[in-house]
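A quick note: this is a predicted structure, and the numbers were derived from the prediction, not measured. Below, each value reflects all heavy atoms present in this structure, side chains not excepted, and no hydrogens, waters or symmetry copies. The chains referred to below are lettered A, B, ... by the order of the sequence lines, with proteins before strands, and numbering in each begins at 1.
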Protein chains: 4
Amino acid sequence: MLKIDEASPVPIYLQIVEGVKREIMAGVYPPDHRLPSIRDLALELKVNPNTIAKAFQELGNQKLIYFRRGQGAFAARIEKEERMRTFHAEIATRFGEIIDLAGEAGISHDDLLELFQKLFQECSSKKAGGKS
Amino acid sequence: MLKIDEASPVPIYLQIVEGVKREIMAGVYPPDHRLPSIRDLALELKVNPNTIAKAFQELGNQKLIYFRRGQGAFAARIEKEERMRTFHAEIATRFGEIIDLAGEAGISHDDLLELFQKLFQECSSKKAGGKS
Amino acid sequence: MLKIDEASPVPIYLQIVEGVKREIMAGVYPPDHRLPSIRDLALELKVNPNTIAKAFQELGNQKLIYFRRGQGAFAARIEKEERMRTFHAEIATRFGEIIDLAGEAGISHDDLLELFQKLFQECSSKKAGGKS
Amino acid sequence: MLKIDEASPVPIYLQIVEGVKREIMAGVYPPDHRLPSIRDLALELKVNPNTIAKAFQELGNQKLIYFRRGQGAFAARIEKEERMRTFHAEIATRFGEIIDLAGEAGISHDDLLELFQKLFQECSSKKAGGKS
DNA sequence: GTGGTCTAGACCACG
DNA sequence: GTGGTCTAGACCACT
């Protein structure tokens, strides 16, 4: 579910931060649910434990997880509303980038909308069909 | 027109690569048109000429520009069709990411479409109104 | 084993690229074998680390080596067949040049063949005799 | 007959030096025969006249051509024996490089000889057939 | 420890 | 004037 792209220029620890953040937001780890231990995650992702520790520290700073001495890391309590706001903000930003990009490319808004609808449906059918 | 974000984690020279790439794709530098000299760009963006040189070299590797000894760097000839393909691929990728994100967030496809339409129109009106 | 010719018109970093390329092709660094660190190579060859870095980056572009963050550079996995093809192509090109040259010089093909055989045997005996 | 490769890393003026040298060696310009004027060559090769001038200066230094005030450049008198020696030296050097290369590649001398013979004959038949 | 980026400043070859 | 190469030395992120 959480994959590291070694070739990417973005640091591994940040990839982990993003990945865990998404998992928390998506409800994989409900509030106060224990996360995998640093050692386990390190083995699973084939990454140095220090790297996981750094990622967790960052997640702690962002108040997305909290630690209990000797017990590990736990998902913070996040309101559903808060999660939605985060997602909406993220999506809005990305849509904005796409619209700018389309503007530079000289793609008309109608074509863009059409393209979006197409991908939209492809994805829908894929989701309906293939339960990976 | 081309701004450097010093705070960004992405290296300056890559920001320049992306920026110039966009400008070429958008037609700011038509095929065989001369780009600003390394020194000029360095002054304009307030970075070291070596940094610009690295960016230009990368652009050369990607065949987006070519060099004539002692004369400077020139925009490569890129077919309009090619440019469109590039843009479409980029946009398709990003749409795909958004759709995945929405799926994780539990946002329904209808809501997503609605959100898109809204941003879409905001952007349209902004574009119509403000001639920068 | 890898020597820099300061007098040569070909840039130092390209000399290094060629040298390392040869070493990899010749099997000095088997697939996934770690190369010397940039700093070490710089000390050994008495050039600036940046110069080595530039060479390594070029080797990376050519997919002859790859990098693991914080660990160093590693020889890419290259099929023996691929290596042979590279060598054959290189040799064929050079033979072609020689044949053209001989044509211009008015050297008959028989004479050329004879010359080749002669050098051939000189080299053989030298190789048999002197184990450096 | 004399082509400039703009993409090559070797300077244009050196490409011209090599080209003219070959033409002289091959007898295109017999001893004391007048070479094309700098201006004409510049137009023909689509190159800056300064570049041709630099090439001619270099050829003069190498005693391959000489100048007569107001009349232009002339091919130097070169003994046939001298020309042969030059060619042989050049060819021998290149053969040596190929043999070294083959050694590194682990190509046996027999295979190398075979490869040479093959190219040899291809070239012969091409030459016999196509008078470009 | 590793490679990656950046700056500063120098020199060179080319046109 | 152009880009290309090289040095020196600094700082950073990752392991």
query: Do other residues, nucleotides or ligands put more than 12 heavy atoms under 6.0 Å from Q71(A) CD?
result: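 Check passes, neighbour count above 12.
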field: Within 6.0 angstrom of R34(D) CZ, more than 12 heavy atoms from elsewhere
entry: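 Yes, the 6.0 Å shell around CZ holds more than 12 heavy atoms from other groups.
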Roughly how many Å is it from [atom1] in [X] to [atom2] in [N], rounded to a whole number?
X	N	atom1	atom2	result
L43(C)	dT7(F)	CG	C1'	14 Å
I52(B)	dG4(F)	CD1	P	13 Å
L41(B)	dT7(E)	CG	P	13 Å
E58(B)	dT5(E)	CD	C1'	14 Å
I65(B)	dG3(F)	CD1	P	9 Å
I12(D)	dG3(F)	CD1	P	16 Å
L14(C)	dG4(F)	CG	P	12 Å
Q15(D)	dA13(E)	CD	P	17 Å

Any side-chain N or O of [X] under 4.0 Å from OP1/OP2 of [N]?
X	N	value
Y13(C)	dT5(F)	yes
S37(C)	dG1(E)	no
T51(A)	dT15(F)	yes
K54(B)	dT5(E)	yes

field: Which residue lies more 5' along DNA chain F, comparing F67(B) with P11(C) via nearest heavy atoms
entry: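 Going by which nucleotide is closer to the 5' end, it is F67(B).
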- request: Hey, could you give me the CG/CD1 distance between L35(C) and I24(C), rounded to the nearest 0.5 Å?
  value: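 If I round to the nearest 0.5 Å, the distance is 5.5 Å.
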Approximate separation, where rounding is to 0.5 Å, of I78(C) CD1 and I65(C) CD1: 10.5 Å
- request: Could you pick out which residue, N48(D) or I38(C), lies toward the 5' side of DNA chain E when each is mapped onto its nearest nucleotide?
  value: I38(C)
message: Taking the nucleotide of DNA chain E with the nearest heavy atom to each, does A53(C) or V47(D) sit closer to the 5' end?
response: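 Taking each residue's closest nucleotide, the earlier one in sequence belongs to A53(C).
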query: Looking at the side chain of R34(C), which of dT2(E), dT2(F), dT7(E) is the nearest nucleotide?
result: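 Nearest nucleotide to the side chain: dT2(E).
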task: State which of dG3(E), dC6(F), dT2(E) makes the closest approach to the side chain of D40(C).
output: dT2(E)
Looking at [X] and [N], is any side-chain donor or acceptor paired with a base atom of the opposite kind under 3.5 Å?
X	N	result
N50(C)	dG9(F)	yes
R39(B)	dG1(F)	no
R69(C)	dG4(E)	no

- prompt: Can a donor-acceptor pair be found between the side chains of Y13(D) and N50(D) at a distance below 3.5 Å?
  reply: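 Checked: Y13(D)/N50(D) side chains show no N/O donor-acceptor pair below 3.5 Å.
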